[in-house]
Amino acid sequence: MTLRGWRIDRVPAKPVRIAEDGRISVPLWLLSDGVYHSDLDLRLSPAEAEALHAQLTLALGVTGNR
């Protein structure tokens with residue numbers, strides 16, 4: 001099955017890092033109809049990264065209890 005449309009995925013070989021400006025940088029790929037189009041970075045402030053971490057932890061906990 002080929003996924004259609006635009007999609008954003010994490011780059012599995014690149015780690016999340018702290019950029020020079022102190023923001024958290026998450027490497028991403030932009031794909032169109034499953035074909036690579038471009039590299040992107042999701043840039044988060046430390047507070048935004050902490051909020052995302054809390055939400056992911058909650059989501060994983062809810063999923064783990066099913």
Side-chain angles (χ1 to χ4, degrees):
M1 177 176 108
T2 302
L3 297 175
R4 307 295 296 170
W6 290 97
R7 199 171 93 203
I8 298 173
D9 285 343
R10 279 213 42 222
V11 180
K14 291 187 178 180
V16 172
R17 63 182 178 78
I18 299 177
E20 290 180 15
D21 64 0
R23 294 176 69 84
I24 309 302
S25 179
V26 182
L28 303 171
W29 281 328
L30 178 63
L31 302 117
S32 177
D33 294 333
V35 177
Y36 169 84
H37 184 66
S38 181
D39 286 343
L40 304 169
D41 280 318
L42 172 62
R43 305 287 298 270
L44 302 167
S45 70
E48 291 168 329
E50 287 178 10
L52 178 59
H53 177 265
Q55 292 171 4
L56 289 171
T57 299
L58 181 62
L60 289 169
V62 170
T63 301
N65 292 331
R66 287 185 182 173

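- Here the side chains of Leu28 and Asp41 are not in contact, with every heavy-atom distance at 4.5 Å or above.
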Checklist entry - Under the side-chain contact (heavy atoms from CB on, under 4.5 Å) criterion, do Leu44 and Glu50 qualify, and how do the steps go? => result CA-CA 9 Å; Leu44 302 167; Glu50 287 178 10; over 6 Å; no
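- Leu52 and Leu40 fall within the same hydrophobic cluster, where Ile, Leu, Val, Met, Phe, Trp and Tyr residues are linked whenever their side-chain heavy atoms come under 4.5 Å apart, directly or through other members.
- Residues Tyr36 and Val11 share a hydrophobic cluster, clusters being chains of Ile/Leu/Val/Met/Phe/Trp/Tyr side chains in contact below 4.5 Å.
- For His37 and Trp29, the ring centers are positioned 6.0 Å apart or more.
- Within the 4.5 Å cutoff, no side-chain heavy atoms of Val26 are placed close to those of Arg17.
- Within the 4.5 Å cutoff, side-chain heavy atoms of Arg10 are placed close to those of Val16.
- Between the Arg7 side chain and the Leu31 main chain, no donor and acceptor come within less than 3.5 Å of each other.
- Contact record, Gly22 with Pro46: O-CG, 3.8 Å, taken as the closest heavy-atom pair.
- Hydrophobic clustering places Leu42 together with Trp6 (ILVMFWY residues linked when any side-chain heavy atoms are closer than 4.5 Å, directly or through intermediates).
- A chain of hydrophobic side-chain contacts below 4.5 Å, direct or via other Ile, Leu, Val, Met, Phe, Trp or Tyr residues, connects Ile8 to Leu56.
- Contact record, Ser25 with Pro27: O-CD, 3.6 Å, taken as the closest heavy-atom pair.
- Glu48 contributes a side-chain N or O that, together with a main-chain N or O of Ser45, makes up a donor-acceptor pair within less than 3.5 Å.
- No more than 12 heavy-atom neighbours from other residues, nucleotides or ligands sit within 6.0 angstrom of CD1 on Ile18.
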